[in-house]
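Notes follow once the structure below has been shown.
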Amino acid sequence: MTPATSAISSRDLPHPAREEIRLEAVLHALADPMRLRIVRELAADGDELSCSHFALPVTKSTTTHHFRVLREAGVIRQVYRGTAKMNGLRRDDLDDLFPGLLDSVLVSAARQAARLGTG
């Protein structure tokens, strides 16, 4: 008899393994203002946030696209908790692979927002 294996749910979302995360994909994901806004909110909260938490000035399908780009780049992890899709920053993975990158981007984004008066 073989050991029981956990079935992968059709609701499991694909994420790159830590060793598959590429710098250029992370930089591309962070280069978009809406995606950077999502990352800043996740970093400020420090916990998982549902997709519905984010009030982005774009359509639902565009919001979904932004979350998918961040997930596929390895910047965030998305998991279903009941009916909510929860999002968490993959800070440990990013800090391990690219030391200082995330903190530098977040500090620079905050400075730019203050300079431009955008939040």
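Computed from a prediction, not measured in an experiment: that's the story for all the values here. Basis for what follows: all heavy atoms, side chains included, without hydrogens, waters or symmetry-related copies.
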Side-chain polar contacts of residues 91-101 - donor-acceptor pairs under 3.5 angstrom, sequence neighbours left out - could you list them?
from, atom 1, to, atom 2, distance (Å)
R91, NH1, D103, OD1, 2.8
D93, OD1, R18, NE, 2.6
D93, OD1, R18, NH2, 2.7
D93, OD2, R90, NE, 2.9
D93, OD2, R90, NH2, 2.8
D96, OD2, R18, NH1, 2.8

Discussion item. Determine whether V79 and E48 satisfy the following criterion, side chain to side chain contact (heavy atoms under 4.5 Å, CB included), listing intermediate values before the conclusion.
Written reply: CA-CA 9 Å; V79 295; E48 290 182 338; 3.8 Å; yes
Item to complete: Quick one: closest heavy-atom pair of S50 and N87, and the distance?
Response: C-ND2, 3.7 Å
Worksheet item: Quick one: OG on S52 to NZ on K60, what's the gap to the nearest 0.5 Å?
Response: 9.5 Å
Would you tabulate the side-chain donor-acceptor contacts of residues 70-77 under 3.5 Å, counting partners in other chains and residues two or more places apart, or write 'none'?
from, atom 1, to, atom 2, distance (Å)
R71, NE, Q78, OE1, 2.8
R71, NH1, P14, O, 2.8
E72, OE1, R68, NH1, 3.3

Discussion item. Checking the side chain of T62 only, and the main-chain atoms of V58 only, is there a donor and an acceptor separated by less than 3.5 Å?
Written reply: no
Worksheet entry | Sub-4.5 Å side-chain heavy-atom contact between R37 and P57 | yes
Worksheet, complete the sentence: Heavy atoms of A113 and R40 approach each other most closely as CB-NH1, 3.6 Å
Worksheet item: Should E41 and D45 count as side-chain neighbours, where that means a heavy-atom distance under 4.5 Å?
Response: no
Fill in: Heavy-atom side-chain contact between L30 and V26 under 4.5 Å
yes
Worksheet item: In terms of hydrophobic clusters joined by side-chain contacts under 4.5 Å, are L23 and L89 together?
Response: yes
Worksheet item: Any chain of hydrophobic side-chain contacts (each under 4.5 Å) joining M34 to L27?
Response: yes
Practice prompt. Would you mind reporting whether V39 and L102 have side-chain heavy atoms less than 4.5 Å apart?
Written response: yes
Worksheet, complete the sentence: Separation between CZ (F54) and NE2 (H66), nearest 0.5 Å, reads 12.5 Å
Discussion item. Quick check: closest heavy atoms across H28 and R35, and the distance to 0.1 Å?
Written reply: O-NH2, 3.5 Å
Discussion item. For residues L42 and I21: do they belong to one hydrophobic cluster (side chain heavy atoms under 4.5 Å, members Ile, Leu, Val, Met, Phe, Trp, Tyr)?
Written reply: yes
Worksheet item: Is any side-chain heavy atom of Y80 less than 4.5 Å from a side-chain heavy atom of D12?
Response: no
Discussion item. Using the side chain to side chain contact (heavy atoms under 4.5 Å, CB included) criterion, which residues pair with E20? Sequence neighbours excluded.
Written reply: P16, A17
Worksheet item: Between S61 and T64, do the side chains contain an N or O donor and an N or O acceptor separated by less than 3.5 Å?
Response: no
Practice prompt. Could you check if a side-chain atom of L56 sits within less than 4.5 angstrom of a side-chain atom of I38, using non-hydrogen atoms only?
Written response: yes
